[in-house]
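In what follows, a structure is listed as structure tokens, so that the remarks can point back to it.
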Amino acid sequence: MDLAVTAVRTALNTASHVSPGLAGKAAFRLFRKPRGRSRLRPDERPVMDRAEVGEIAVGGGRAVSYRWGTGERPVLLVHGWESRGSRFATLVSELLDLGLSPIAFDAPGHGEATGETMTILDLRDIITALDAEHGPFEMVVAHSLGVTATFVAVRERGLRAERIVAISGVPDFAYLVDRFCAGLGLRARLNRELRGRIERELFTGEGDIWSRFSVPRTRTAACESSFLVVHDEDDDMVDPADSRALTATLGDRARLVVTRGLGHRRIIGDRQVVAAVRDFAISGASARAAAAPDPSQRTAAG
């Protein structure tokens with residue numbers, strides 16, 4: 001095990017015996033801030049240099065938005081924790097070739113945005129702001145915590161998209177806390193202390209965040225979108241079983257794609273995954289074309 005992780009685990013668990021409150025405060029500081037700011041990769045730069053850049057005021061900072069294309073047939077790309085909009089660069093190129101208009105962003109504390117951190121409500125509000133300016137979206141592609149935030153936006157802000165792609169989706173907010181505590185080997189008492197601080201300091205007055213910030217539990221909660229659910233068998237951050245459960249919940253409106261060897265992060269830019277998302281977008285356009293009335297076939301009343 002990493003020596004730094006061992007040291008943190010030992011210090012927090014020991015402190016929790018003497019002062020659970022102070023240990024919980026220290027765990028909260030670690031939990032709420034990204035471990036580092038993800039940097040732009042050389043292969044992403046050509047795509048990002050072509051983007052029209054904007055800003056969105058949210059939370060304690062300003063998100064940075066990126067827009068490509070003509071504005072017709074917009075597609076929203078939603079990154080997750082410790083990520084950034086540029087990670088969708090390969091997909092952006094494919095979507096542009098299809099005549100779609102991708103829109104991505106860096107949330108506060110991530111990428112080129114200001115601020116030190118973000119919450120799931122910040123993600124929800126960014127999605128809402130971009131929907132108001134550029135929507136309705138033909139498709140939303142979300143990764144990790146971005147998947148959770150997308151479903152929250154669907155339920156709470158009326159986000160609508162013909163198609164939703166959920167890649168390596170975090171099933172609910174409680175999962176993040178439990179995963180964080182398990183990763184550091186923290187005692188159950190520290191888990192409870194951390195949850196209490198999150199409720200009081202991050203989501204004051206927001207009600208039951210543990211059931212509220214989750215993916216749909218019933219098919220009717222998922223609106224009328226069609227879904228592509230993608231997960232890697234070797235994901236060491238989110239259990240692939242959660243995406244299988246989501247697919248089962250969504251029923252015949254969802255299709256599951258399972259990959260191997262990509263883990264939690266590399267899956268976003270993988271060529272096969274990008275191709276699956278591209279084909280999903282194409283199938284949506286084909287379905288609309290098939291359903292549209294033929295202008296050459298005029299009725300007697302017309």
Side-chain angles (χ1 to χ4, degrees), residues 32-34 36-41 44-45 47-89 91-92 95-96 100-161 163-167 169-170 173 176 201-206 209 212-213 225 268:
R32 72 183 300 269
K33 292 185 66 174
R37 193 176 284 258
S38 180
R39 298 186 179 278
L40 182 69
R41 296 169 181 165
E44 298 168 348
R45 186 172 295 280
V47 172
M48 301 308 293
D49 284 346
R50 295 165 56 193
E52 179 182 323
V53 181
E55 288 188 344
I56 305 167
V58 62
R62 299 187 73 83
V64 177
S65 63
Y66 306 97
R67 180 172 174 266
W68 298 264
T70 63
E72 298 180 358
R73 303 178 64 197
V75 174
L76 180 62
L77 311 174
V78 185
H79 73 74
W81 185 251
E82 295 178 348
S83 188
R84 56 184 293 151
S86 64
R87 296 296 180 257
F88 290 105
L91 178 59
V92 166
L95 296 175
L96 285 170
L100 297 166
S101 297
I103 299 163
F105 62 86
D106 295 337
H110 294 71
E112 305 304 316
T114 64
E116 296 184 347
T117 189
M118 71 175 182
T119 70
I120 194 169
L121 293 182
D122 292 333
L123 282 177
R124 180 203 64 185
D125 291 346
I126 293 169
I127 292 169
T128 302
L130 291 173
D131 184 39
E133 184 175 359
H134 303 291
F137 295 112
E138 185 165 315
M139 184 166 68
V140 176
V141 182
H143 174 248
S144 192
L145 184 61
V147 174
T148 324
T150 296
F151 281 114
V152 172
V154 167
R155 287 199 305 272
E156 298 188 357
R157 295 298 175 86
L159 175 70
R160 292 292 179 266
R163 308 203 149 223
I164 295 177
V165 181
I167 303 174
V170 173
F173 192 68
L176 290 179
E201 299 187 34
L202 281 187
F203 302 108
T204 306
E206 288 293 339
I209 63 173
R212 174 181 164 196
F213 299 154
S225 303
I268 312 174

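Position 1 is the first residue of the sequence; numbering continues from there.
- With a 4.5 Å cut-off on side-chain heavy atoms, M118 and I126 do not count as touching.
- The closest side-chain heavy-atom distance from F88 to V78 is not below 4.5 Å.
- The 12-atom threshold is exceeded at CD of E201, counting heavy atoms of other residues, nucleotides or ligands nearer than 6.0 Å.
- Considering only heavy atoms from C-beta on, M139 comes within 4.5 Å of L95 through its side chain.
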Exercise. Hey, mind stepping through V75 and R163 against side-chain contact (heavy atoms from CB on, under 4.5 Å) and telling me if it holds?
Worked result: CA-CA 9 Å; V75 174; R163 308 203 149 223; over 6 Å; no

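- The two residues D106 and R84 come nearest to each other via the heavy atoms OD1-CB, 3.5 Å.
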For this session: Determine, stepwise, if the pair H79 / F105 fulfils side-chain contact (heavy atoms from CB on, under 4.5 Å).
Result: CA-CA 8 Å; H79 73 74; F105 62 86; 3.9 Å; yes

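- Between R160 and D131 there is no salt bridge, since no side-chain N of the basic residue sits under 4.0 Å from a carboxylate O of the acidic one.
- Atom-to-atom distance recorded for H110:NE2 and S38:OG is 8.5 Å, nearest 0.5 angstrom.
- By the 4.5 Å heavy-atom criterion applied to side chains, T70 and E72 are counted as neighbours.
- Listed by chain and residue number, nothing satisfies the salt bridge (Lys or Arg N to Asp or Glu O under 4.0 Å) test with R37 (two or more places apart in sequence, or in another chain).
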For this session: For I127 and V140, run side-chain contact (heavy atoms from CB on, under 4.5 Å): C-alpha distance rounded to whole Å, both residues' side-chain angles, the deciding distance at 0.1 Å, then the answer.
Result: CA-CA 10 Å; I127 292 169; V140 176; over 6 Å; no

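- Among all heavy-atom pairs drawn from A113 and A107, the shortest one is CB-O, 3.2 Å.
- Rounding to the nearest 0.5 angstrom, the gap separating the OG atom in S225 from the CZ atom in F137 is 12.5 Å.
- Salt-bridge annotation for R32 and E116: absent, with no side-chain N of the basic residue lying under 4.0 Å from a carboxylate O of the acidic one.
- Considering every non-hydrogen atom in both R87 and I268, the closest pair reads O-CG2, 3.6 Å.
- Across E156 and F213, no two heavy atoms sit closer than the pair OE2-CE2, 4.4 Å.
- Not one N or O on the side chain of S101 forms a donor-acceptor pair closer than 3.5 Å with the backbone of R73.
- Checked against S86 for a side chain to side chain donor-acceptor pair (under 3.5 Å), the options R45, R39, E44 give a single hit: E44.
- In terms of heavy atoms, L100 sits closest to L96 at O-CD2, 3.7 Å.
- Of the options L130, T150, V141, I164, a side-chain contact (heavy atoms from CB on, under 4.5 Å) to L76 is made by L130 and by none of the others.
- Remark: aromatic rings of F173 and F203 are close, center separation under 6.0 Å.
- Atoms CG and OG1, from L123 and T148 in turn, are 9.0 Å apart once rounded to the nearest 0.5 Å.
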Exercise. Are Y66 and V92 close enough, and set up right, to give a side-chain contact (heavy atoms from CB on, under 4.5 Å), and what steps lead you there?
Worked result: CA-CA 11 Å; Y66 306 97; V92 166; over 6 Å; no

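- R155 places a side-chain N or O within 3.5 Å of a backbone atom of R212 that can act as its donor or acceptor partner.
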Atom pairs and distances, side-chain donor-acceptor, residues 47-63, under 3.5 Å, sequence neighbours left out:
from: E52; atom 1: OE1; to: R67; atom 2: NH1; distance (Å): 3.3
from: E55; atom 1: OE1; to: R62; atom 2: NE; distance (Å): 2.8

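- With rounding to the nearest 0.5 Å, the separation of OG1 in T119 from CD in E206 is 8.5 Å.
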